[in-house]
Amino acid sequence: MSNGSNGTSISIVFDRLRWEEKELLDKALKLGYNARLVDAKDLVFSTDGILKDTNTNTSSIYKPDGISLGDIVIQRCISHYRGLYITACLESLGIPTINRYSVAETCGNKLLCSLALAKHDVPTPSTYFAFSAEKAIDIANGLGYPIVFKPIVGSWGRLVIPVKDREMMESIVEMREEMPNPLSKIYYLQEYVRRPPRDIRAIVVGDRVVTAVYRYAAEGEWKTNIARGGKAEPCPISKELEDICLRAAAAVGGGVLGIDIMEDEARGLLVHEVNNTVEFRGAASVSSIDIAQEIVSYAMKVVRA
Amino acid sequence: MVKVRCLECDRELNVPDDAVDGEIVTCPDCGANYEVTHSDGKITLKPAESIGEDWGE
Ligand SMILES: Nc1ncnc2c1ncn2[C@@H]1O[C@H](COP(=O)(O)OP(=O)(O)OP(=O)(O)O)[C@@H](O)[C@H]1O
Ligand SMILES: [Mg+2]
Ligand SMILES: [Zn+2]
């Protein structure tokens with residue numbers, strides 16, 4: 001084992017392997033840590049500990065001492081609920097996990113996230129919550145159009161809809177009421193922010209904003225998500241940007257986070273959400289900072305803390 | 001490159017030799033997604049999970 005490592009081991013738990021997880025593994029190994037990728041779909045927990053980890057390609061049953069995932073876990077599941085509940089299991093076994101359960105819970109749910117931002121006085125768009133079809137339509141009609149509808153769980157801009165008029169609002173509500181998922185009937189409506197055709201994605205690692213990029217919407221798109229073909233360009237980290245990012249990170253409980261910010265024409269920076277398992281390939285492609293290495297170094301700081 | 005057949009449409013798919021477990025291979029013909037797995041040192045494909053409502057960052 002090379003210097004710096006002290007035999008510290010780190011597991012990167014994934015369910016769908018992306019560039020980010022391979023990059024984290026690569027940097028952890030290069031820094032001399034004992035690192036491995038663990039498929040979340042192979043994990044089994046019990047009240048006695050981690051029962052079995054078939055990722056080792058053996059069917060050996062581990063002693064339920066909770067050490068088989070090492071000193072720390074970076075939880076990177078693409079499925080919010082899978083990642084969330086694995087984090088709950090890991091924390092109850094005393095294995096430090098990035099991010100913590102409460103952070104994952106807040107960030108994975110837009111309603112909880114907006115409440116946390118507001119509670120901590122982080123500038124955020126005005127957002128309304130309704131718990132019946134009737135009230136959802138009332139709110140939209142009362143506030144006027146356009147208004148932005150979002151599912152409270154979900155990402156990559158999927159089903160985020162700029163609602164143009166009453167008719168469109170009624171169709172969305174009708175559709176949501178037909179869906180079997182109970183979360184479909186929790187309504188999240190946000191003021192339509194007048195912004196340039198871009199937003200800002202900043203990555204916070206611990207107490208530092210490691211990088212920020214502008215995300216420009218793809219041709220003919222309103223949403224700026226990289227997953228929808230949006231393009232990343234470097235964004236200077238002003239004092240104002242740094243300050244709002246660190247406050248947003250603190251509001252959700254801190255860790256490794258992707259802060260999404262819009263530039264309102266009148267009010268300046270508004271944080272619209274904080275992401276828990278941040279994708280950073282787009283940001284890495286235009287940034288000189290080694291984001292994966294920053295994350296691994298932070299994980300090691302958490303172990304030593 | 002290792003050649004493996006698409007379980008849906010039988011097209012020949014190229015999987016890089018250094019592909020690791022969990023990596024995704026998409027069939028260019030039918031769009032099916034597969035997860036790479038290794039068994040007995042050989043690369044095999046298993047159907048990947050389809051996109052969930054709760055997927056994302
Ligand atoms: N209130 C708003 N006003 C104007 N544009 C908005 C508003 N809310 C969202 N957008 C645009 O839609 C995009 C997707 O919205 P949001 O980030 O809330 O959804 P998401 O599915 O959680 O995406 P992400 O992958 O960033 O987590 C944003 O990046 C932004 O470009
Ligand atoms: Mg999000
Ligand atoms: Zn095919």
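Remember, it's a predicted structure, so these values are computed and weren't measured experimentally. Letters A, B, ... mirror the listed sequences (proteins, then strands); counts begin at 1.
- Counting all heavy atoms, side chain and backbone alike, A:S155 lies closest to B:G56 at CB-CA, 3.4 Å.
- For A:R18, the part lying under 4.5 angstrom from a heavy atom of chain B is the side chain only.
- Contact count against chain B (heavy-atom pairs under 4.5 Å) is highest for A:T277 among A:N181, A:T277, A:V153.
- In terms of heavy-atom proximity, A:L17 sits nearest to B:E23 at CD2-N, 3.8 Å.
- In this structure, the side chain of A:E279 does not engage the main chain of B:E57 through any donor-acceptor pair within 3.5 Å.
- A search for side chain to side chain contact (heavy atoms under 4.5 Å, CB included) contacts involving A:Y85 returns A:Y81, A:Y101, not counting sequence neighbours.
- Applying the 6.0 Å contact sphere to NZ of A:K223 captures more than 12 heavy atoms from other residues, nucleotides or ligands.
- Remark: A:N225 engages no residue in a side-chain hydrogen bond (donor to acceptor under 3.5 Å, both in side chains) (not counting sequence neighbours).
- Atom-to-atom distance recorded for B:E49:CD and A:D15:CG is 6.0 Å, nearest 0.5 angstrom.
- Of all the heavy atoms in A:R158 and B:W55, the pair that sits closest is NH2-O, 2.6 Å.
- Surrounding CD of A:E221 are more than 12 heavy atoms belonging to other residues, nucleotides or ligands, all under 6.0 Å away.
- For A:R82 against B:D54, the heavy-atom pair with the smallest separation is N-OD2, 4.3 Å.
- Identified by a heavy-atom distance below 4.5 Å to chain A, the contributing residues of residues 28-36 of chain B are B:N33, B:E35, in residue-number order.
- Residues passing the side-chain hydrogen bond (donor to acceptor under 3.5 Å, both in side chains) test with A:R281, sequence neighbours excluded: none.
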